[in-house]
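Residue numbers run from 1 in the order of the sequence given. We use all heavy atoms of the structure for the numbers below, so side chains are in, but hydrogens, waters and symmetry mates are not.
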Amino acid sequence: MSKALDTLWYTRCPVPTGLGIAVQKGWLEESFRAKSTKIESLRESANQSVRESHFDHTLANSVRHGGNIPAIWARAIGRETKVIGLSWADEAQLILTTPNSGIRNVKDLKGRKFGLPKWVNVQIDFVRAQALRGLENALSLDGLAVSDVEIVDYEIGIGYSDAPAKKSADGSYIFGSQSGSRNDELIGLLRGEVDAIFLKGASAVALASQLNLVTVIDTGAHPEPLIRANNGTPRTLSVDTHLIENHFDAAERIVEQVLRAEDWAHAHPDETRRFLAKETNSSEYWVSVAYGADAHLRLQTDFAQTSIDGLQDFVNFLHRWEFIPQSFNVNDWIDTRPYDSVISKRQAATA
């Protein structure tokens, strides 16, 4: 029998997730209120070590839904966590250049300068890792390697968790540097210091339009899933092992509310776009451009083989580029029990 849980800490990235909608709708808090469990936002904490758990998962009794790089890194350095769901929502992953660069396709990148961010005061530089992944995957499509371009680093001295996230009146968050939203490499591109950069998501398509940038390739639109596999594809729904072993019903409740939110999203496209605009600090228009007109249907947490394969391939990539100290088998990281239990209960209820 599960023990009583005093507090559940939650955190998610400013990207489309079922957990984000469940939080915005108040369903996560409502579902735990009946168990007298408090719900606390990890990223709003005044304690930086608590906020940093978004990346290193040191805080007990916490759930995280978002980009997989911090979750993978935490697991690789020995944090006891489990993945209780995977969600794959394709998004724009752009290699961008300027109109006068002469770069019109991937082959044109050979020998050119590519700007990469380098966050020097963070535990895991997920922004650099996702940009490098986008670059490597793009180059591989034309038989090129990262060594075929000249990497120019843009060092950033602040941290991801220097300040708490701010919540606006409508319930949306302003994460600032916490989301890795500093784009020094973009400034370098506009100044002519580099020839191309990588940006992703709603902010990427908005900036590309506003600044008249040229998209060399969008790897997020490629038909091969492993080319699209990156920090956000798939996203991990993860909890600490203490939670799942001592408060199994809490893990079930989390999955239940994530699936509830996704079911709601599938039936409410317009409202979902508004929710996703809040989550991404963007507009509904750019959400549709970055995540597709069917973005509401892409919110689906499960254990699809495509997601598992993509996660494993990305773990191997992070190890090869020394972002993590060791690779591991993602099947050993996955715990389907809460998900299976929720699905079984749903099926029994409709039988």
Side-chain angles (χ1 to χ4, degrees), residues 13 15 55 66-74 76-77 90-97 103 106-156 160 177 179-189 193-201 203-204 207-208 213 215-222 224-236 310-327:
C13 299
V15 294
F55 302 98
N68 60 51
I69 294 174
I72 291 170
W73 174 77
I77 65 169
D90 284 313
E91 61 185 345
Q93 300 183 49
L94 309 181
I95 302 293
L96 296 170
T97 188
I103 298 173
V106 172
K107 287 183 178 180
D108 292 336
L109 291 170
K110 186 174 183 179
R112 306 300 291 270
K113 293 181 178 179
F114 196 92
L116 282 180
K118 187 174 183 179
W119 292 68
V120 295
N121 288 321
V122 296
Q123 296 189 79
I124 172 63
D125 191 351
F126 77 89
V127 184
R128 182 179 182 84
Q130 68 187 16
L132 188 60
R133 172 71 169 193
L135 173 63
E136 182 178 79
N137 279 355
L139 292 170
S140 72
L141 296 173
D142 273 294
L144 298 175
V146 174
S147 58
D148 289 314
V149 303
E150 180 183 347
I151 297 298
V152 177
D153 290 334
Y154 285 86
E155 291 194 0
I156 300 170
Y160 295 144
S177 67
S179 63
S181 58
R182 275 276 296 271
N183 296 130
D184 292 22
E185 69 277 20
L186 172 59
I187 297 172
L189 176 66
E193 298 167 355
V194 295
D195 302 303
I197 61 170
F198 171 90
L199 294 177
K200 77 174 190 71
S203 62
L207 287 168
L213 300 179
T215 297
V216 179
I217 187 173
D218 177 3
T219 56
H222 195 274
E224 170 54 51
L226 293 186
I227 295 298
R228 304 197 309 272
N230 204 322
N231 184 38
T233 39
R235 294 189 172 98
T236 47
L311 187 64
Q312 185 66 68
D313 188 69
F314 198 46
V315 166
N316 297 341
F317 162 85
L318 293 173
H319 180 239
R320 177 160 48 84
W321 282 96
E322 300 182 346
F323 286 100
I324 59 175
Q326 60 183 340
S327 188

- Query: Which distance, rounded to the nearest 0.5 Å, do you find between the CG of Leu96 and the CD1 of Ile217?
  - Reply: 12.0 Å
- Can you see which heavy atom on Ala196 is nearest to which on Leu189, and at what distance? N-CD1, 3.8 Å
- Message: Main chain of Ala229, side chain of Arg133: is a donor-acceptor contact present, judged purely on distance under 3.5 Å?
- Response: yes
- Item | Spacing of CG belonging to Leu132 relative to CD1 belonging to Ile151, to within rounding of 0.5 Å | 6.5 Å
- Message: Name the residue from Val127, Leu135, Leu116, Ile95 that meets the side chain to side chain contact (heavy atoms under 4.5 Å, CB included) definition with Phe198.
- Response: Ile95
- Message: Angle between ring planes, Phe323 versus Phe317, binned at 30° and 60°: parallel, tilted or perpendicular?
- Response: parallel
- Task: Determine yes or no for a side-chain-to-main-chain donor-acceptor pair under 3.5 angstrom, with Asp148 supplying the side chain and Lys110 the backbone.
- Result: no
- With rounding to the nearest 0.5 Å, note down the distance linking CD1 in Ile324 to CH2 in Trp73. 11.5 Å
- Indicate yes or no: at least one non-hydrogen side-chain atom of Glu136 is less than 4.5 angstrom from one of Leu139. no
- Task: Measure the shortest side-chain to side-chain distance between Ile187 and Tyr154 over non-hydrogen atoms and say whether it is less than 4.5 angstrom.
- Result: no
- Query: Backbone N or O of Leu186 within a donor-acceptor pair of the Asn183 side chain at under 3.5 Å?
  - Reply: no
- Message: Can you confirm whether more than 12 heavy atoms, excluding those of Glu224, are under 6.0 Å from its CD atom?
- Response: yes
- Note on the structure: Taken to the nearest 0.5 Å, the spacing of Arg228 CZ from His222 NE2 works out to 9.5 Å
- Message: In the structure I gave you, are the side-chain heavy atoms of Glu193 and Val152 within less than 4.5 Å of one another anywhere?
- Response: no
- Task: May I ask you to decide if Ile227's main-chain N or O and Asn137's side chain share a donor-acceptor pair within less than 3.5 Å?
- Result: yes
- Minimum heavy-atom distance Cys13-Gly67, with the two atoms named: SG-N, 3.4 Å
- Minimum heavy-atom separation for Pro70 to Ile124, with atom names? CA-CG2, 4.2 Å
- Query: So do the side chains of Asn231 and Glu91 get within less than 4.5 Å of each other, counting heavy atoms only?
  - Reply: no
- Message: Give me the atom names and distance for the closest heavy-atom approach of Ser203 to Lys200.
- Response: OG-O, 3.7 Å
- Query: Does a side-chain heavy-atom distance below 4.5 Å link Asp108 with Val216?
  - Reply: no
- Task: Find out whether Leu213 and Leu199 are in side-chain contact, i.e. whether some heavy atom of one side chain is under 4.5 Å from a heavy atom of the other.
- Result: no
- Message: Any donor-acceptor pair under 3.5 Å linking the side-chain atoms of Asn316 with those of Ser327?
- Response: yes
- Determine the interplanar angle of the Phe55 and Phe126 rings, folded into 0 to 90°, and report it as parallel if under 30°, tilted if 30 to 60°, perpendicular if over 60°. parallel
- Task: Specify the closest pair of heavy atoms between Leu144 and Lys107, including all atoms of both residues, with the distance to one decimal.
- Result: CD1-CA, 4.1 Å
- Task: For the pair Gln326 (side chain) and Ala76 (backbone), establish whether a donor and an acceptor sit closer than 3.5 Å, ignoring hydrogens and angles.
- Result: yes
- Task: Using the side chain to side chain contact (heavy atoms under 4.5 Å, CB included) rule, take Thr236 and Ile72 through it: C-alpha gap first, then chi angles, then the decisive distance, then the call.
- Result: CA-CA 9 Å; Thr236 47; Ile72 291 170; 5.7 Å; no
- Query: To the nearest 0.5 Å, how far apart are OG1 in Thr215 and CD in Gln93?
  - Reply: 12.5 Å
- Message: Using only atom types and a distance under 3.5 Å, with no angle test, would you say the side chain of Thr97 pairs donor to acceptor with the backbone of Asp195?
- Response: yes
- Taking every non-hydrogen atom, the tightest pair across Ile103 and Arg112: CG1-NH1, 3.6 Å
- Message: Measuring from atom CD1 of Ile156 to atom CZ of Arg182, what distance do you get when rounded to the nearest 0.5 angstrom?
- Response: 5.0 Å
- Do Ile77 and Gln123 come within less than 4.5 Å of each other through their side chains, counting heavy atoms only? no
- With side chains defined as the heavy atoms from C-beta onward, is the minimum distance between Asn230 and Phe314 less than 4.5 Å? yes
